[in-house]
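Throughout, protein chains are lettered first and strands after them, A, B, ... in sequence-line order, and every chain is numbered starting at 1. The basis for the numbers below is simple: all heavy atoms, side chains too, and nothing from hydrogens, waters or symmetry mates.
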Amino acid sequence: MFSDREDLRSAATFTKVFDRAPLFLAISSLETGAFIAVNDTFVNATGYSRDEVIGRTAGEIGLWADPLEKQAGLSQLRRHGVLDESEVHLRLASGEVRTFLLSAEITDLDGEACILNAAVDITERKRAESDRAFRASLLDNLHESVIATDADRRVTAWNLGAERLFGHSESEALGRPVGELVTSNFTDVQRQESAASLAETGFYRTEVEVTDASGEKRILDSVNVVVPVREGRSGYLSIARDVTERKRAEARLRFLSDASEILFASLDVEATLEQLAQLVVPEWADWCAVSLLEPDGSIRPAAVAHKDPEKVRWARKLRERFPVDPDSSLGTPQVIRSGESEIYTDISDEMLMAAARSEEELEVLRQVTYRSVMIVPLKSRGRTLGALTWVRAETAERYDAAALRFAEELASRAGTALDNARLFEEASAAQRELAALNSTLERRVVVRTRQVRELAGDLTLAEARERARLAQVLHDELQQQLYVVQFSLRDVRKTIADNAEAVAALEASSALLRDALLTSRTTTANLSPPVLRGEGLVEALRWLGSDMEGNYGLEVSLDASEQLTVPNEAVRVLLFNLVREVLFNVVKHAAISAATVVLTENDDDLVIRVHDAGKGFDPALLDDDREHGTGLGLSGVHKRLQLFGGGLAVESEPGKGTLVTITMPRASLTLD
Amino acid sequence: MSNALRARRVGSGGAPIEIHTLFLVEDHPTMRRVLRQLLDGETDLDVIGEADSAEDALEQLAALTPDLLLVDLSLPGLSGMDLVRLLKQQRPGLRCLVVTGHTDGLYRAAAEAAGATGYVTKDDPDEVLAAVRAALQA
């Protein structure tokens, strides 16, 4: 096999290398396929001894686990003279099939064409690769974002979930600090808390808001654990589940509940609408507008809200500049007409161009930077009252079906609240109208009552003045003339002193004259009681008492406080006349020569009680005459008494005397 | 008529009679006339002046000092009661007899309170004369 020394030396070296090579090496005849030589590594790797293989073929010892691989390898060898790193499966002496990476080359050995085979067992490596692929596939099939980092927070694993969420591919992410790839609202405090928890327990769970690839905010339920990496160093594994929808659903439910409470708390329509719009921004919309259908069919912008008051003013001005076209086949007018919601998840410039009525309006629409819009009807009791418009402009969120359901639910509650507020306002307006009518009526009654009282007062005073005038005439003229006659008769008597008959006739005339004077004087006093000109009713009644006693023999005892005054002359005269009429009745009907007059005051009224212990009567007999007064001939004064708010009551019984009670409101005593 | 002239009057017996001077305040002209006739008919009484109002009386009385003033209560302007009250203050010595149509006790009491010397109604001329004499004696 070796031709010279050099060859021998080479042969020895070869043998050493051959035997000690970490690869398994085998030389077989190209012609027969029988093994000529195998090294130690072959023996160790396959479990076959040299004796079992030398002189036999691989086929004979059943080394090839897959005959097709054998055929493929041989044909390539024959064609190209070499076989490079072909993955083959060999059955070991133990029967185990393992994977090897086989390289072979046809070479000449001592003139015989041989095959030099070199192989390495890659079974473990293949398994590890397969495991890795499986794990990678497992991670990628998780919906969660899984990110592994080393101790320096550089990304060592980044699954498809993370790629979907944050928009970076695995290859982009690996090796970069995780902070560069994920934008979150994680605060420094949370970061410290997280570090402390991870150091102490190796575990930290939190909810964190991140910004996703599209710029939208997402809420993640993030579980972080410490994982050993290698050489005693640790890394971190973060598994985050997107709970945005669940959180939103919860927040929507909470919001609906809170919103209902707020909306139903107010019964003021405008305030309700304003609150509705304010509630929605900025959490659920950047803009929120409420439009109402007016009774005349027009659409009124009732409220608009944005977190920036300056923008609200701007929007109001624009509403004036570009009023809603009630006939538009899109948007608010259509929603109000149909009662069906509209949603525009993504607003394109083409849509704005289609909606704008002029270049100027288009420019304004573009300035709003519409991204996503929903318009939902405000309904109650089957009627559409208006529409609620939600606009996403500055923020990246897009409205979806869930958002629309939410908006419709809110609008439904708002519609009912609005309806309630309207009904309440209508009821209030009706009540106010009624109250105004009542108040007008009351005012009129007050005015009329005052006028009637004034008239009654004027009438009483006019009557009193007329009586006074008559009394004056009686006193100043008639009585004076009677005195003059009396004085003249005295002179006549002197001249006829001798004629006894004439003197007698003259005396008779003089006596008649005295009677006439008495009548005249009594009439004068009755017509106009001399003391009624002051404010004191008591003084006047005392005079009345002595007059009644002097002229009619009725002894009147008066019980009253001297302080009692009646500044209103008409009322004073009225009360005086009333008491006098009652006392005249006593004189005429009671058959008794005494009466008492008692004046008292309570919180509301002046009360005058005129009592006699005379023969009394049956008040039922007065009933026929009731409507004309008390049946006691007091009709006129009684009616006037009522005009001043006063009253008169008669209590009597045959044989038990009579009590007449006159009341007069204290307020009437001082009327102007 | 002066006091000196009146003092010369003599009675039927030739003896000098004390003459009392009177002043009438009465707004009713006929009444004033018959009253004056009544009083002048008495030899010891001399009406030295008359007035139809309290104001007129006050003016005339500035120059007269009658023994007795006869005052009606119902007068135009100041009442007879006012006049009595004023004179009582200005001329405490001057006596006033109220001669009136009012029989009312209240008037009588008020007149006395104002300072009247007497109070008589016009019903009976003889009662008036008696009241004049009583007032002059008072």
Check whether more than 12 heavy atoms from other residues, nucleotides or ligands sit under 6.0 Å from atom CD of B/Gln90, and answer yes or no.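 Above 12, so yes.
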
Just wondering, more than 12 heavy atoms not from B/Glu59 lying within 6.0 Å of its CD?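 At most 12 heavy atoms, drawn from other residues, nucleotides or ligands, come within 6.0 Å of this atom.
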
Please examine the side chains of [Y] and [X], heavy atoms only from C-beta on, and report whether any two atoms are closer than 4.5 Å.
X	Y	value
B/Met31	A/Phe487	yes
A/Gln481	B/Thr30	no
B/Val34	A/Tyr483	no
B/Leu129	A/Arg490	yes
B/His28	A/Glu477	yes

Between A/Gln479, A/Arg521, A/His475, which is the residue that forms a side chain to side chain contact (heavy atoms under 4.5 Å, CB included) with B/His102?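 Among A/Gln479, A/Arg521, A/His475, the one meeting side chain to side chain contact (heavy atoms under 4.5 Å, CB included) with B/His102 is A/His475.
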
Carboxylate-amine/guanidinium contact B/Asp123 A/Arg514, below 4.0 Å: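 Salt bridge absent between B/Asp123 and A/Arg514.
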
Only pairs of heavy atoms separated by less than 4.5 Å count here; which of A/Leu518, A/Val484, A/Leu513, A/Leu482 has the most with chain B?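 Between A/Leu518, A/Val484, A/Leu513, A/Leu482, the count favours A/Val484.
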
Heavy-atom proximity to chain A below 4.5 Å, by part of B/Asp27: neither

Can you tell me which portion of A/Asp491 sits under 4.5 Å from chain B's heavy atoms? Options are side chain, backbone, both or neither.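 Contact with chain B is through the side chain of A/Asp491 alone.
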
Is the closest side-chain donor-acceptor distance between B/Lys122 and A/Gln486 under 3.5 Å?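 No, no side-chain donor-acceptor contact under 3.5 Å.
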
